[in-house]
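Worksheet for the structure shown next.
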Amino acid sequence: MTTYHVERGIVTAASQHADASLAAAELADALRHDHLGFVLFFCSAEYDLAGLATALERSFPSMPLSGCTTAGEITPLGYDRGSIVAMGFDRRLFAIETALIDDLDHFELANAQPLVDTLLERCRRQAIAPINEHSFALTLLDGLSSREEQVLATLDAALGRIPSFGGSAGDDNHLSHTHVYTAGRFYTRAAVVVMINTRLPFEVFSTHHLIPLTHKLVVTEANREQRRVIELNGLPAAQVYADLVGVAPEQLNAAIFAHHPLAVHIGGQHYVRSIQRVNSDSSLSFYCAVENGIVLTAMQPTPLLDDLKEMLAGVSARLGTPSVIIACDCFLRRMELEALAHLDQASQLLRQAGVVGFNTYGEQHHGMHVNQTFTGVAFGSLPANYNH
């Protein structure tokens, strides 16, 4: 499946071939054109990743590619699994440069500032559009690294006013190995920064469908490094949370976590901290940072489809009908849609809006690491009188 409009400068395509060589070849047939300058992809972790890396390099010789593994894909036809979705960017409209961060544990501003400055300078040399008003950063991180907060805060400081968004790589909900890709291979415990400078109008956005309740839970004991809450309100965390949502601790599962999230309140906004699993010691592991003393607010979902429609309508009102939207969509949102049998309706909405992307283990928005959001970038079209 392929979609392309000259005025938007982006081709989108997907392959459902399980064989890596066939999938890469199908994408290359769909995306290749004389002005292709960069390929971004999101793939199921079910692929033989070493084989896929080889196949992509063979199918796109000398072409820069970046991407990551997923907890589900958003293709031009909507939600999918076991597939690979890709976007090809026209170098006449986009200057795109990438960098690998392969030491997440020691990534500091002293590393981040030269990395960002180098990416911006490389984009500037291509003379596509003014840098400051026409650039944004896409970040793809190992979704099991537990280093998102530190890396994102550091990058955000280096980026200054340049907007950023991204997603944490997934592995089809196995929670064992997640990967990012650049320069011909897949990496774990790493991140890829994709700097995109474009003459197209764009908007970086984030939305969620959750509203706060009155219930507050204080983290009274936590292991910050492991993102594990041991006690809430001075009692075993799993028991307190189970009481809150009205089930027995042994009934806690991913569907309940998706439907009854918790959040921290920072600067007038609620940022969701989703629970990953219950541990044998009745502690709770989270997808985002937790630490002693933080107050967690119970959140309640509102209709997800209504929020998605409202967000897409708002983007269209501000930007004009988007030509392409690249989205990082939390896998817990997808889980909720599946539980409510709303996945097909959501797919139709995404298809009509030109959305492609992936289901994540966490989203990134302006330096914050969050959960249960729909975060991304929408591109407008060039004026009708534009000529290349």
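Quick caveat: nothing in here was measured; it's all calculated off a predicted structure. Quick note: residue numbers are just sequence positions, from 1.
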Does any non-hydrogen side-chain atom of Arg81 lie less than 4.5 Å from one of Ser44?
no
NE2/His17: more than 12 non-hydrogen atoms of other groups inside 6.0 Å:
yes
Looking only at non-hydrogen atoms, find the nearest pair between Gly82 and Tyr47 and report the distance.
O-OH, 3.8 Å
Return the minimal non-hydrogen interatomic distance between Leu284 and Ala237, and the atom names on each side.
CD1-O, 3.8 Å
Indicate, with yes or no, if Phe165 and Met311 share a hydrophobic cluster defined by side-chain heavy-atom contacts under 4.5 Å among Ile, Leu, Val, Met, Phe, Trp and Tyr.
no
Short side-chain donor-acceptor distance under 3.5 Å, His35 and Arg92:
yes
Would you kindly say whether Glu73 and Ser83 are connected by a side-chain donor-acceptor distance under 3.5 Å?
yes
Give a yes-or-no answer on whether the side chains of Gln364 and His369 include a donor-acceptor pair shorter than 3.5 Å.
no
Can Gln348 and Asp344 be counted as having a side-chain donor-acceptor contact under 3.5 angstrom?
no
Do Phe42 and Met87 touch side chain to side chain, with heavy atoms closer than 4.5 Å?
yes
Ser21 and Arg58: side-chain donor and acceptor closer than 3.5 Å?
yes
Measuring only between side-chain heavy atoms, which start at C-beta, is Leu296 closer than 4.5 Å to Val218?
no
So, using salt bridge (charged side-chain N to carboxylate O under 4.0 Å, His left out) as the criterion, who are the partners of Asp281 when residues are at least two apart?
Arg228
Taking the six-membered ring for Trp, are Tyr181 and Tyr187 closer than 6.0 Å centroid to centroid?
no
In terms of relative ring orientation, are His179 and Phe186 parallel, tilted or perpendicular, with 30° and 60° separating the classes?
perpendicular
Centroid-centroid distance, Phe202 to Phe136, less than 6.0 Å
yes
Check whether the side chains of Asn371 and Tyr361 place a donor and an acceptor atom closer than 3.5 Å, and report yes or no.
no
Whether the Asp307 and Thr207 side chains hold a donor-acceptor pair (N or O, under 3.5 Å, no angle test) is what I'd like checked.
yes
Distance check, rounded to the nearest 0.5 Å: Ile294 atom CD1 versus Leu217 atom CG?
10.5 Å
Taking every heavy atom of Val85 against every heavy atom of Thr75, the minimum-distance pair comes out as CG2-CA, 3.9 Å
Heavy-atom side-chain proximity of Lys309 to Leu312 below 4.5 angstrom
no
Measure up the Phe89 and Phe379 rings against each other and bin them: parallel (under 30°), tilted (30 to 60°), perpendicular (over 60°).
perpendicular
Which heavy atom of Ala191 sits nearest to which heavy atom of Leu141, and what is that distance?
CB-CG, 3.7 Å
N/O donor to acceptor pairs below 3.5 angstrom from side-chain atoms of residues 349-360, sequence neighbours left out:
| from | atom 1 | to | atom 2 | distance (Å) |
| --- | --- | --- | --- | --- |
| Arg351 | NH1 | Leu77 | O | 2.9 |
| Asn359 | OD1 | Arg334 | NH1 | 2.9 |
| Asn359 | ND2 | Asp329 | O | 3.2 |
| Asn359 | ND2 | Asp329 | OD2 | 3.3 |
| Thr360 | OG1 | Gly362 | N | 3.0 |
| Thr360 | OG1 | Gly362 | O | 3.0 |
| Thr360 | OG1 | Glu363 | OE2 | 2.6 |

Quick check on the 6.0 Å ring-centre criterion: do Phe331 and Tyr287 meet it?
yes
Please tell me whether Asn279 and Ser285 have a donor and an acceptor in their side chains that are separated by less than 3.5 angstrom.
yes
Could you note down all residue pairs passing salt bridge (charged side-chain N to carboxylate O under 4.0 Å, His left out) where residues 201-217 supplies at least one of them, sequence neighbours left out?
Glu203-Arg318
Other residues, nucleotides, ligands: >12 heavy atoms within 6.0 Å of Glu121 CD
yes
Which pair of non-hydrogen atoms, one from Val315 and one from Pro322, has the smallest distance, and what is that distance?
CG1-CG, 3.7 Å
